[in-house]
Peer 1: 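Here it is: the structure, laid out below.
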There are 2 protein chains.
Amino acid sequence: MIDSVDKSILKLLQSDAKLTIKEIGNKLNLSATPIFERIKRLERSGYITSYKALIDRKKVGLSLMVFCDISLNQHHASHIAKFEKDIQQFNEVIACYHIGGSFDYLIKVVAKDMDEYQNFVSKKLASIDNIRKVQSSFVMREVKTPIGLPIN
Amino acid sequence: MIDSVDKSILKLLQSDAKLTIKEIGNKLNLSATPIFERIKRLERSGYITSYKALIDRKKVGLSLMVFCDISLNQHHASHIAKFEKDIQQFNEVIACYHIGGSFDYLIKVVAKDMDEYQNFVSKKLASIDNIRKVQSSFVMREVKTPIGLPIN
DNA sequence: TTATATTTAGAATATAATTCTATATATTTA
DNA sequence: TAAATATATAGAATTATATTCTAAATATAA
């Protein structure tokens, strides 16, 4: 189990992974050693899964972001596995969630422009059989850009 | 503009921000200085927006993840601004997108359990007037966990 | 081609991470 | 409760990394 100091460390690191151990120690009134040990423990025990640089989507030319609701025809385990394997291979798909409710999958797609997106839908997505329906929702603006998890 | 070396650096850092400058240099057959200078340039020019530690959602007790489609009643600029200001204040909401299409907003919500989620919907969301309709889609499984952007 | 700017390598320095030892704090057990 | 054990911490020492500096190499422009 983790205590409140660990939670504070998680909160700090998910907002800025470049904070030094000394800086974190200053904020939490602890010396370097306990901060260092606690971070290593959080990494080993899987609370911290990775460290990543976040990249500006539009700067790298990906002006379109789209969420697609996907409904399948067949829902047997083998069809599910097949679909998930297929969808992973498209690098336009940057996230994929299996949904319980009115449709089956929600995927997050990025593309350079509408031509590229249209190509993705009509060539790549369409190549997966077993898809019954696709509903695209275009992101006009990111109101709250992913900021990490609420940790209390 | 950025060149292919910069793109390689972006790809490496978005997959693992803990790579040292020397390690990146080894992979790209360059010495430390150019890697260092290029990273600083990518940070200054906004290609790299931040560095973050990723945290295991379930480990920190957030077993529920839900996407909500939200439709508003009023769409004047002032109503839009009001809604966006309100929605940002809920820390359960970890992302919010303004959508063009069949509904208005897509929000990503995390909660400890169904009770907490139900409380969020019926107490917090419901306190925002101007909401016409909310449709919840529960994530059963994350098939492809956000892995960063495709950079070519 | 020559001149200018840009990029790079490699050494030197500064800063941060990591390890180590000893002390303090908390927890367990008799 | 008190002693014993385990856990967490501070501070110094070490190691590794980031950062700066200088000069050479490469590319770009005149």
Side-chain angles (χ1 to χ4, degrees), chain A residues 1-62 145-152, chain B residues 1-62 145-152:
Chain A
M1 241 308 144
I2 62 173
D3 64 14
S4 67
V5 175
D6 291 321
K7 288 180 182 175
S8 296
I9 292 173
L10 290 178
K11 276 191 267 192
L12 289 168
L13 287 178
Q14 85 168 343
S15 92
D16 181 8
K18 283 295 183 192
L19 285 169
T20 67
I21 286 174
K22 191 189 289 184
E23 287 170 330
I24 296 171
N26 288 153
K27 287 176 195 289
L28 305 182
N29 288 108
L30 284 169
S31 67
T33 310
I35 303 295
F36 174 80
E37 297 289 355
R38 281 167 178 272
I39 290 173
K40 290 303 158 196
R41 176 151 27 95
L42 290 167
E43 290 169 359
R44 278 196 309 272
S45 56
Y47 283 84
I48 296 173
T49 58
S50 59
Y51 296 89
K52 294 189 186 301
L54 267 56
I55 300 193
D56 188 296
R57 174 170 58 86
K58 292 180 181 172
K59 281 268 185 184
V60 294
L62 297 165
T145 176
I147 215 70
L149 301 169
I151 296 176
N152 299 308
Chain B
M1 241 309 142
I2 61 173
D3 63 13
S4 66
V5 175
D6 291 321
K7 287 180 183 175
S8 296
I9 291 173
L10 290 178
K11 275 190 269 192
L12 288 169
L13 287 178
Q14 86 167 342
S15 91
D16 181 8
K18 283 295 183 192
L19 286 169
T20 67
I21 286 173
K22 190 190 290 183
E23 286 170 331
I24 296 171
N26 289 151
K27 287 177 195 289
L28 305 182
N29 287 109
L30 285 169
S31 67
T33 310
I35 303 295
F36 175 80
E37 298 289 357
R38 282 167 179 272
I39 291 173
K40 290 303 157 194
R41 176 152 27 95
L42 290 167
E43 289 170 359
R44 279 196 308 273
S45 57
Y47 283 84
I48 296 172
T49 58
S50 58
Y51 297 89
K52 294 189 186 300
L54 268 56
I55 297 185
D56 188 296
R57 172 170 60 85
K58 292 180 181 172
K59 281 268 186 185
V60 294
L62 296 165
T145 177
I147 215 71
L149 302 169
I151 295 176
N152 300 307

Peer 1: Which residue, A:I24, A:L28, A:I151, forms the side chain to side chain contact (heavy atoms under 4.5 Å, CB included) with A:S8?
Peer 2: A:L28
Peer 1: For A:I2 and A:L10: C-alpha separation, side-chain torsions, deciding distance, then whether side-chain contact (heavy atoms from CB on, under 4.5 Å) applies.
Peer 2: CA-CA 10 Å; A:I2 62 173; A:L10 290 178; 3.9 Å; yes
Peer 1: Do A:I35 and A:K27 have side chains that approach each other closer than 4.5 Å (heavy atoms only, starting at C-beta)?
Peer 2: no
Peer 1: Could you tell me whether A:K40 and A:E43 make a salt bridge, using a distance below 4.0 angstrom between a side-chain N and a carboxylate O?
Peer 2: yes
Peer 1: Determine the minimum heavy-atom distance between A:I48 and B:A53, stating which atoms define it.
Peer 2: CG2-CB, 4.2 Å
Peer 1: Could you tell me, to 10°, how much the axis swings from one end of the helix from C:dT1-D:dA30 to C:dA30-D:dT1 to the other, five pairs per end?
Peer 2: 40°
Peer 1: Under 4.0 Å, heavy atom to any atom of DNA chain C: which of residues 20-46 of chain A qualify?
Peer 2: A:T20, A:I21, A:T33, A:F36, A:K40
Peer 1: Assuming nearest nucleotide by heavy-atom distance, tell me which of A:K18 and A:V5 is located more 5' along DNA chain D.
Peer 2: A:V5
Peer 1: Please list, chain by chain and in numerical order, all residues satisfying side chain to side chain contact (heavy atoms under 4.5 Å, CB included) with B:D16, sequence neighbours excluded.
Peer 2: B:K18, B:L19
Peer 1: Distance check needed: C:dT8 C1' versus B:I9 CD1, whole Å only.
Peer 2: 13 Å
Peer 1: Tell me the interatomic distance from B:Y51, atom OH, to D:dA18, atom P, rounded to whole angstroms.
Peer 2: 11 Å
Peer 1: Indicate the atoms forming the closest heavy-atom contact of A:G148 with A:Q14, along with that distance.
Peer 2: CA-OE1, 3.3 Å
Peer 1: To the nearest angstrom, how far is A:M1 atom CE from D:dA8 atom C1'?
Peer 2: 19 Å
Peer 1: Might you work through the side-chain contact (heavy atoms from CB on, under 4.5 Å) test for B:L149 and A:K59, ending with a clear yes or no?
Peer 2: CA-CA 11 Å; B:L149 302 169; A:K59 281 268 185 184; over 6 Å; no
